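For reference, the structure is listed below as structure tokens.
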Amino acid sequence: MIRLSRDFFNRSTVQVAQELLGKRLTFKGISGVVTETEAYTGLDDPASHAHRGPTPRAEIMFGEPGYTYVYFIYGMYHCLNIVTEPEGSPGAVLIRGLRLPNQHLNGPGKICKALGITKEHHGLDLVSHPDFYMSEGDSPVVYQATPRIGIKRATDKLWRFVMRG
DNA sequence: AACAGGATGCAA
DNA sequence: TGCATCCTGTTT
């Protein structure tokens, strides 16, 4: 198992979103392959929580890369993101799809519900956490870029990445 | 295609 | 206070 390093996340958000496809996410012994991601940046991205600056909710997006950003939405669901870019430069990748041995979780709310991820798991360091981490996958990945889902602003950006094959 | 569910953050 | 929201299952 080759764990993803701090340097992996310490790059442009779009690049990390693309390269996270095919990587393995492990949480408390449950492990799956990332099949779908979305990139969210900062001041240049009106769809990003970091768009208005480091508010309490979005503050972690401005911090060190490799940490989890978990937010609660629509009164029911949690969404898991991973912070990207150097400290001080906001960015995060939303995990939207995960393939487990026996099922495909499509949608960020379903992933958190299935794995039991809540705000309790916000701000954890995936680079050093004992049972919450990301590691290398098996093979190179072909992906497709599309508009992001569920947003009304910046729909022109093709920052949703879906694994093919 | 429409909407209920019903917490949270932020603008006012 | 009020309202829009990085969602999803269920019902027209």
Side-chain angles (χ1 to χ4, degrees), chain A residues 4 8-25 27 30 32-100 102-126 132 134 141 143-164:
Chain A
L4 299 190
F8 180 90
F9 302 103
N10 192 25
R11 297 178 295 149
S12 97
T13 306
V14 169
Q15 192 175 351
V16 174
Q18 292 168 351
E19 295 191 15
L20 271 180
L21 296 175
K23 301 289 192 282
R24 301 196 71 85
L25 173 68
F27 177 73
I30 304 171
V33 176
V34 175
T35 59
E36 183 181 337
T37 60
E38 280 178 2
Y40 288 89
T41 59
L43 299 178
D44 57 330
D45 181 7
S48 172
H49 289 167
H51 179 228
R52 297 176 215 283
T55 60
R57 181 175 66 168
E59 187 176 17
I60 192 137
M61 290 181 69
F62 290 76
E64 203 176 359
Y67 281 74
T68 59
Y69 168 33
V70 179
Y71 64 84
F72 189 62
I73 192 170
Y74 295 116
M76 307 174 107
Y77 297 105
H78 295 272
C79 295
L80 172 65
N81 300 250
I82 304 173
V83 175
T84 56
E85 310 227 2
E87 185 158 12
S89 176
V93 173
L94 173 64
I95 307 298
R96 292 192 56 92
L98 195 66
R99 191 176 68 229
L100 300 183
N102 289 331
Q103 59 181 324
H104 188 207
L105 301 167
N106 58 322
K110 293 178 187 175
I111 292 172
C112 289
K113 187 181 175 191
L115 298 185
I117 293 172
T118 67
K119 293 202 76 172
E120 177 186 350
H121 309 287
H122 172 75
L124 300 180
D125 183 10
L126 295 182
F132 195 5
M134 301 232 36
V141 161
Y143 67 83
Q144 181 174 1
T146 80
R148 293 174 290 182
I149 302 288
I151 58 168
K152 295 205 167 53
R153 291 167 293 190
T155 52
D156 57 314
K157 290 183 163 67
L158 302 182
W159 284 358
R160 172 173 174 254
F161 303 103
V162 186
M163 196 172 138
R164 288 207 286 179

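Quick note: numbers below take in every heavy atom, side chains included, and nothing from hydrogens, waters or symmetry partners. The sequence lines fix the lettering, A, B, ..., with proteins before strands; numbering per chain opens at 1. Because the structure is predicted, anything quoted here is derived from the model rather than measured.
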- Message: Can you build the contact string for nucleotides 4-12 of chain C? Use B for base contact, S for sugar-phosphate-only contact, and - for no protein heavy atom under 4.0 Å.
- Response: -BBBSS---
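In this structure, CG in A:Leu20 is found 7.0 Å from CG in A:Leu4, a value given to the nearest 0.5 Å.
For the ring pair (Phe, Tyr, Trp, His ring centres under 6.0 Å) test, residues two or more places apart in sequence or in another chain that qualify with A:Phe72 are A:His78. Evaluation of the side-chain contact (heavy atoms from CB on, under 4.5 Å) rule for A:Ala114 yields A:Leu105 as partners, not counting sequence neighbours. Listed by chain and number, the residues in a ring pair (Phe, Tyr, Trp, His ring centres under 6.0 Å) with A:His51 amount to none (sequence neighbours excluded). Every residue two or more places apart in sequence or in another chain that forms a side-chain contact (heavy atoms from CB on, under 4.5 Å) with A:Arg24 is listed here: A:Ser31, A:Val33, A:Ser135. By the side-chain hydrogen bond (donor to acceptor under 3.5 Å, both in side chains) test, A:Ser48 is found to be paired with no residue, residues two or more places apart in sequence or in another chain being considered. In this structure A:Asp44 satisfies the side-chain hydrogen bond (donor to acceptor under 3.5 Å, both in side chains) test together with A:Thr41, sequence neighbours excluded. Remark: A:Val14 engages A:Ser12, A:Gln18, A:Ala39, A:Trp159, A:Phe161 in a side-chain contact (heavy atoms from CB on, under 4.5 Å) (not counting sequence neighbours). Qualifying side-chain contact (heavy atoms from CB on, under 4.5 Å) partners for A:Glu38, counting only residues two or more places apart in sequence or in other chains: A:Tyr40, A:Leu94, A:Arg96, A:Arg148, A:Ile149, A:Arg160.
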Distance-only criterion, 3.5 Å: show the donor-acceptor pairs between side-chain atoms of residues 55-68 of chain A and protein atoms not counting sequence neighbours.
| unit_1 | atom_1 | unit_2 | atom_2 | d |
| --- | --- | --- | --- | --- |
| A:Thr55 | OG1 | A:Ala58 | N | 3.4 |
| A:Glu64 | OE2 | A:Arg6 | NE | 3.4 |
| A:Thr68 | OG1 | A:His121 | O | 2.7 |
| A:Thr68 | OG1 | A:Gly123 | N | 3.0 |
| A:Thr68 | OG1 | A:Leu124 | N | 2.8 |

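If you take atom P in C:dC6 and the same atom in B:dA1, they sit 22 Å apart, rounded to whole Å. Separating the P atom of C:dC3 from that of B:dA4 is a span of 16 Å, rounded to the nearest Å.
Nucleotides of DNA chain B with any atom under 4.0 Å from a heavy atom of chain A span, from 5' to 3', B:dG5 to B:dA11.
For DNA chain B, if you chain together Watson-Crick or G-U pairs that step i with j, i+1 with j-1 and so on, the runs of at least three with distances under 3.5 Å are B:1-5 with C:7-11, B:7-11 with C:1-5.
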